[in-house]
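The next block holds one structure in the form of structure tokens; read it before the comments.
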Amino acid sequence: MITLTLPDGASRTFDAPLSGAALAAAISKSLAKKAIALVLDGAVVDLATQIEHDAQVAIVTPDTPEGLAVLRHDCAHILAEAVQELFPDTQVTIGPVIDDGFYYDFAREVPFSLDDFEAIENRMRAIVDRDEEIVREIWARDKAVAHFKEIGEHYKAEIIASIPEGEDVSIYRQGDWQDLCRGPHLPSTGKLGKAFKLTKLAGAYWRGDSNNEVLQRIYGTCWASDKELQAYLTMIEEAEARDHRKIGREMDLFHLQEEAQGSVFWHDKGYIIWQALEQYIRRRLQAADYQEVKTPQILDMRFWQQSGHWDKFRENMFVVPDEVPSIEEEAHVITGKADLMALKPMNCPAHVQIFKQGIKSYRDLPIRMAEFGCCHRNEPHGALHGLMRVRQMTQDDAHIFCREDQIIEEAVEFCHLVQLVYKDMGFDDVMVKLALRPETRAGSDEVWDRAEERLRSALQSAGLEWEELDDEGAFYGPKIEYHLRDAIGRTWQCATLQLDFVMPERLDATYIGEDGNKHRPVMLHRAVLGSVERFIGILIENYVGRFPLWLAPEQVVICPITSEADSYGEEVLTACKQAGLRARLDVRNEKINYKVREHSHAKVPVILAVGMREAEAKSVSVRRLGVKEQSVQALTEVVTALQTEATPPDLRG
RNA sequence: GCUGCCGUAGCUCAGAGGUAGAGCACUCCCUUGGUAAGGGAGAGGCCGAGAGUUCGAUUCUCUCCGGCAGCACCA
């Protein structure tokens, strides 16, 4: 007798052990048809799994997250089967499920091309039509290693060989094709359906290590129905239209050009956003008792040697020889013999220098030292990405020098500040991560234990949920990271707080404690926006260029309907400007339709149309971006209302 | 940096072994129009750079540069 409890709390008893498939059939015919896997006491397993004893069970269907994951995993397998049928010289490696789909890494001499996708997809559909039964087999590890070696699947053999000796491995067989896999899988290939599409082709290192050979990765997406597949493809297409590089060009915010790779040319409109943001965050910092400083851009190599950057970070630094370039035709411009200086990649060592001027008392702490520091980092070319990853960036950086007993309070305060700012920016999809000790690190395990625990309690006190990342911390300490999403779902680290016991030591920063002795301060490296460039990139994508009034580069455009109303337009413009609004008058010889269309495309939040009727009544016809309706209101009222709306969030009553 | 793809007017994109085309934008003219394109004319290109194949290359081949996607990197 076996008693099985279903998700709705109901239970059923069976005389003998039975498979998931039999269970589904016992519940209903339609469920049996839709069933693709089984949840047995919380674990997703094959539908064919025998249920031997009392358990919590659920039948997995494609319309659940678990079901979709199984589907995508099978889609990866079917991709691999199709590829090996079409290209027998290909070795398989791994093929995991990812957000919205899956990928499979292949090893093959000849590169795949996008043109191959059609043939591969066709073969995948044929495999679905064949409806091959998918069977799980348990093999001894050594036998599996030998087998995969023998059939020339060296990567698979390597994976299996890394499984502990003596353990059995599971092999899934579908038709003539087989793969090492933990599972679970569909009962047969026919259950996959055809709502899949191969999307991207890219290189990827074997085992994620750039010292290893490059494999060819094929990405795909897979859904329970064609409708969902179509919806996903449409969503991706629309998301691409939100790309900040595209919107930045359309709205004339900034540009990039190859003579300054990774450095941004900010146009006037983009720089208005920058300034509004900088002034806003500066006020927030002032309110939180930060002091603002400015430190040198170029410092001698010896300085970076002392800070440890020369050792740990040199590859990412721009180096400048301290000599006068030769103007002789024949001579080398630079001798290569001069002392070296470097553009600062970070502000922290310079801030320590300010801290070290004079003698600091424990009474002075915490010192919160902020700088809108322009830093240069020599990023790999392949890493550069619009505003998101640049080589010259400005951080809303600050270093908090404090005593150990002040760490938690400072960290909690910081988390509150981030939450406040991100709320003002309208971000609701923020991911918080805690990056823990990396393999190569400075400081004892005891120090790290303490540091990590402190950040955990700070996150807890701030009421946040977070994910912990092993091995991702800075060499000098663990860090809290706030990640934001871009238009197509990629995440970018923005705010960060890093706990550092090392730098004060290296640069010999001290304060006089209550006991009259010298002590090391702790440093908290922190940024709220992160890099201003990246943050604006995220803002553009999140707002799709339709900024709230306080950030909009152009807030108001005044459009006379006939040239007779031009002089009244001037009057409206003056009123707007006097109220501090960023306004412009469009007196071009164009029809109102045309002007409305153009300024709407330019994402100007407010269009004020004025004709003779408005001129006589001292009113304006207000049209808000994205709203078809207009309303005619008194000029003075409109200006006052817009003025209120354009007030930055921290200055509102 | 690695793998793949791409590079034609300011933008979006056609094109073909015989030195280029559209729409939008731009300039000028006509039009004074009431809320997402009024009409006409004009100007605009070393077809990413270099080398090779060819009678001839923007088109084919190679190298480089840049862009895009992913990987690695992101202290």
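Every value quoted in this text rests on a predicted model; they were computed, and no experiment measured them. The figures that follow rest on heavy atoms only: side chains count, while hydrogens, waters and symmetry mates do not. Order of the sequence lines fixes the chain letters, A, B, ..., with proteins taken first and strands second; residue numbering starts at 1 for each chain.
- Across residues 86-114 of chain A, A/P111 each have a non-hydrogen atom less than 4.0 Å from an atom of RNA chain B (numbered order).
- Across all strands shown, A/M612 has heavy atoms under 4.0 Å from base atoms, whether or not it also approaches the sugar-phosphate.
- Within 3.5 Å, no donor on the side chain of A/Y205 pairs with an acceptor on the base of B/G70, nor the reverse.
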Find every protein N or O atom lying less than 3.5 Å from an N or O atom of nucleotides 25-27 of chain B, and list the pairs.
residue: B/A25; atom: OP1; partner: A/Y594; partner atom: OH; Å: 2.7

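- Residue-level contact check: A/E614 touches the bases, meaning some heavy atom is under 4.0 Å from a base atom.
- The separation of B/U63 from B/C2, taken at their P atoms, amounts to 13 Å, rounded to a whole angstrom.
- To the nearest angstrom, P of B/U35 lies 9 Å from CZ of A/R623.
- Distance from the side chain of A/N593 is smallest for B/U35 among the nucleotides B/G70, B/U35, B/C2.
- The residue among A/R490 and A/Q216 whose nearest nucleotide of RNA chain B is located toward the 5' end is A/Q216.
- Distances from the side chain of A/Y219 to the nucleotides B/G70, B/A72, B/G4 place B/G70 closest.
- Contacts of A/K312 with the nucleic acid, taken as non-hydrogen atoms under 4.0 Å apart, are absent.
- The residue A/T562 sits close to a base: some heavy atom pair falls under 4.0 Å.
- Within the nucleic acid shown, A/R245 comes within 4.0 Å of sugar-phosphate atoms alone, with no base atom in reach, counting heavy atoms only.
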Let me have RNA chain B in dot-bracket notation, would you? Count Watson-Crick plus G-U wobble pairs, both distances under 3.5 Å, and use [ ] for pairs crossing earlier ones and | for inter-strand partners.
-> (((((((..((((....[..)))).(((((.......))))).....(((((..]....))))))))))))....
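- Remark: A/R72 fails to qualify as a cation-pi partner of A/F102 under the 6.0 Å distance and 45° angle criteria applied to the six-membered ring.
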